[in-house]
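Just so we're clear, the structure is a prediction, and the values are computed from it rather than from any experiment. Lettering of chains follows the sequences in order, A, B, ..., and the numbering in each one begins at 1.
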There are 2 protein chains.
Amino acid sequence: MDMASLQDVDFRQLIALREVARERSFGRAAQALGYTQSAVSQQIASLERLLGGPVFDRPGGPKPVELTPLGTLVLGHADTLLGQVAAADAELRAFARGQHGSLSVGTFQSVSVQLLPQIVSRFRPLHSGIDLRLQESDDLDELVDGLREGRHDLSFVVVTDDLDGLEVLELFDDPFVLVSPPGEVSEGDSVQLDQLAELTMIGEFDTPCQRQLDADLRRAGVSDLNVVFRSTDNGAIQAMVRAGVGHALMPALAVDADDPAVRLQRMDPQLPPRTIGLAWRAQRSMSPAAAEFVDIARQVGLAMQERQGQLEPAG
Amino acid sequence: MDMASLQDVDFRQLIALREVARERSFGRAAQALGYTQSAVSQQIASLERLLGGPVFDRPGGPKPVELTPLGTLVLGHADTLLGQVAAADAELRAFARGQHGSLSVGTFQSVSVQLLPQIVSRFRPLHSGIDLRLQESDDLDELVDGLREGRHDLSFVVVTDDLDGLEVLELFDDPFVLVSPPGEVSEGDSVQLDQLAELTMIGEFDTPCQRQLDADLRRAGVSDLNVVFRSTDNGAIQAMVRAGVGHALMPALAVDADDPAVRLQRMDPQLPPRTIGLAWRAQRSMSPAAAEFVDIARQVGLAMQERQGQLEPAG
DNA sequence: CCATGTCCATCAGCATACCTGATGGATATG
DNA sequence: CATATCCATCAGGTATGCTGATGGACATGG
């Protein structure tokens, strides 16, 4: 009969225990808790049945009830447990407000330059309780794997068709622009695509991005670019352009647009832009903080899309 | 609607959460817990209603269910809480076996000499988990107050009629004996009471014990003892006797009976013996350890009573 | 493309648990 | 000895939790 254990107690019983101990009276405890005296009596009785002994001595009459040694012991644990519950409760409320927990976001270089700082600078002050972890990788596959294996909650991606199992929010299109040393190419906002073959170029190594670019160029009839330097670092490429080594085709996002020492020109006809998206595992619940991050990313992406639209010529 | 909190969750729901998370399946968790799948489904559903969001993502079909971020957070707290409960449970079981908690026992000098060591040496090995605190005091009133105010769980007492509110277990009678230097008094087991007036005596100061003794002697017609030395330390008194300074009337309990350098003699007629008892607050529950202590004290007291009975002459 | 198997959600029904309101017994107080 | 103040208990209605059966969603194999 003593096989029953604390496993079977109810928090209400522990709360009743605590209140009766504080008030030294069943009736007053009941009043404080919003129960009838009978209810508290039964709660304590049930607790005592479970424990196998009384938790209060009832002197009878107007004398206050008093904890037994057993009651004292149990009350100590009750206080611990109820405190733990209160702490957990606070944490849950913070979580619901997006103010507790961690958020791991995968990102890659071109996103990290312009987009991510804007998002983070809006997200962080609203969610100071979140442990935001940004993990950058050059390898898009690694980011996607990180998502699939649960290492990341969200990840920026370049939208392709091999994102099975992921849900992708398309944020905006990121066109390729020609980055040139000033005064080296014709004036104007755009450059004819077939002029590229005549230029000294700087490119990336064999990255997916570069591969796609090469394929798109070939499809547009341009091949065998004269690439004299390759780097995987966008900053390095831009520095090379600045130094007059050559021209580069770069995603607009990756370019430091404030650099006065380079000129940006659109291609004509346009190369197919990369679509930048934010992805997460499909059919998986998202923490409130993650949802908020996605929403902010959506807004920032929209704003960025619009800004590019303004720069873009009608034709 | 989100006003509900963790306060209202049931341990069973947390256990179900833990088991489903471990098994990654409602059905298997149900089997492990001895419920039907329906029951576990309802437990989790109820938990989710309380939390305001899902704790598992159910992909549907044979795919395993998976914790949501909310579920992960709650599971962490559930583990903490359940661990705490398990610890409390273990402690309660130890308490029930008299293997956990503290036991404060008040005592006084004459008890500490013979009786208490026997009791403690039997009690301690049986209850190694108990923090046994023995507190000795010369002042019996202090011991009784300590009981009434809850500083002690038990206390040895000399039984009197002013122990209101206490429950007293009488352990045995402790007769007064005359302690004499060898060869100073007549042979035999006992001494006539009126011979005392002729002896050089050693006594205590104005203690309740001494006061009672004086009153009893006066009632028996003996007064104005020739007391040449007083001390409150029984050992010191016995040492004085050993040194031949005089005789002492001492409670038998307080005498080191193994001392070959003194003689013990009963008084004739007998002086009213002190009754040694063990007391605790009336109507108050007692810890299992305390109950065990009382029982051991009862047994040891009984044995001591019998031993004295053997030494006592029939008349 | 359909049949099958494996999940979980849902429903009805029954048993149990819990609360309320009223009553009774025990204990101090005047 | 009467009264007041406690808590325990009882009867009754409601809510809750479980079982067993059924249905829908998803993946797999023919």
> Could you give the angle between the helix axes at the two ends of the helix from C:dC1-D:dG30 to C:dG30-D:dC1, with five pairs per end, rounded to 10 degrees?
Replying inline: 20°
>> Do A:R97 and A:F95 make a side-chain contact, defined as non-hydrogen atoms from C-beta onward lying under 4.5 Å apart?
In response: no
> Under 3.5 Å, is there a donor-acceptor pair between the A:D173 and A:T275 side chains?
Replying inline: yes
>> Using a strict heavy-atom distance below 4.0 Å, which residues from residues 9-17 of chain A are in contact with DNA chain D?
In response: none
>> Students often mix this up, so state it plainly: with edges at 30° and 60°, are the rings of A:F123 and A:F293 parallel, tilted or perpendicular?
In response: perpendicular
> Within the structure shown, what part of the strands sits under 4.0 Å from B:S25 by heavy-atom distance: base, sugar-phosphate, or nothing?
Replying inline: sugar-phosphate
>> Tell me whether the count of non-hydrogen atoms from other residues, nucleotides or ligands lying under 6.0 Å of CD in B:Q283 goes above 12.
In response: no
> Is a salt bridge present between B:E66 and A:R284, judged by a nitrogen-to-oxygen distance below 4.0 Å?
Replying inline: yes
>> On a heavy-atom basis, which atom in A:M286 and which in A:V294 lie closest, and how many Å separate them?
In response: SD-CG2, 4.0 Å
>> If only side-chain N and O atoms count, and only distance matters, is there a donor-acceptor pair under 3.5 Å linking A:S285 with B:D57?
In response: yes
> Between A:A16 and A:Q43, what is the shortest heavy-atom contact and its length?
Replying inline: CB-OE1, 3.2 Å
>> To check you understand the geometry: which heavy-atom pair defines the closest contact between A:S104 and A:R151, and what is its length?
In response: OG-O, 3.1 Å
> Rounded to the Å, how far apart are B:L47 CG and D:dG17 C1'?
Replying inline: 15 Å
> Should the heavy atoms of other residues, nucleotides or ligands under 6.0 Å from CD of B:Q31 be counted, would the total exceed 12?
Replying inline: no
>> So which atom in B:F11 and which in A:V9 form the shortest heavy-atom distance, rounded to 0.1 Å?
In response: CD1-O, 3.3 Å
> Looking only at side chains, do B:Q84 and B:T80 share a donor and an acceptor under 3.5 Å apart?
Replying inline: no
>> Can you pull out the residues from residues 30-42 of chain A that lie within a 4.0 Å heavy-atom distance of DNA chain D?
In response: A:Q37, A:S38, A:S41, A:Q42
> Taking only residues two or more places apart in sequence, or in another chain, which ones meet A:F156 in a ring-ring contact (aromatic ring centres under 6.0 Å, His included)?
Replying inline: none
What's touching nucleotides 24-30 of chain D from the protein side, N or O pairs under 3.5 Å?
{"from": "D:dA27", "atom 1": "OP1", "to": "B:K63", "atom 2": "NZ", "distance (Å)": "3.3"}

>> Give me the atom names and distance for the closest heavy-atom approach of B:L171 to B:A297.
In response: CD2-O, 3.6 Å
> Can you pull the contact range of chain A along DNA chain C, 5' to 3', using atoms under 4.0 angstrom from its heavy atoms?
Replying inline: C:dC19 to C:dA28
> Can you tell me if A:D162 and A:T160 form a side-chain donor-acceptor pair at under 3.5 Å?
Replying inline: yes
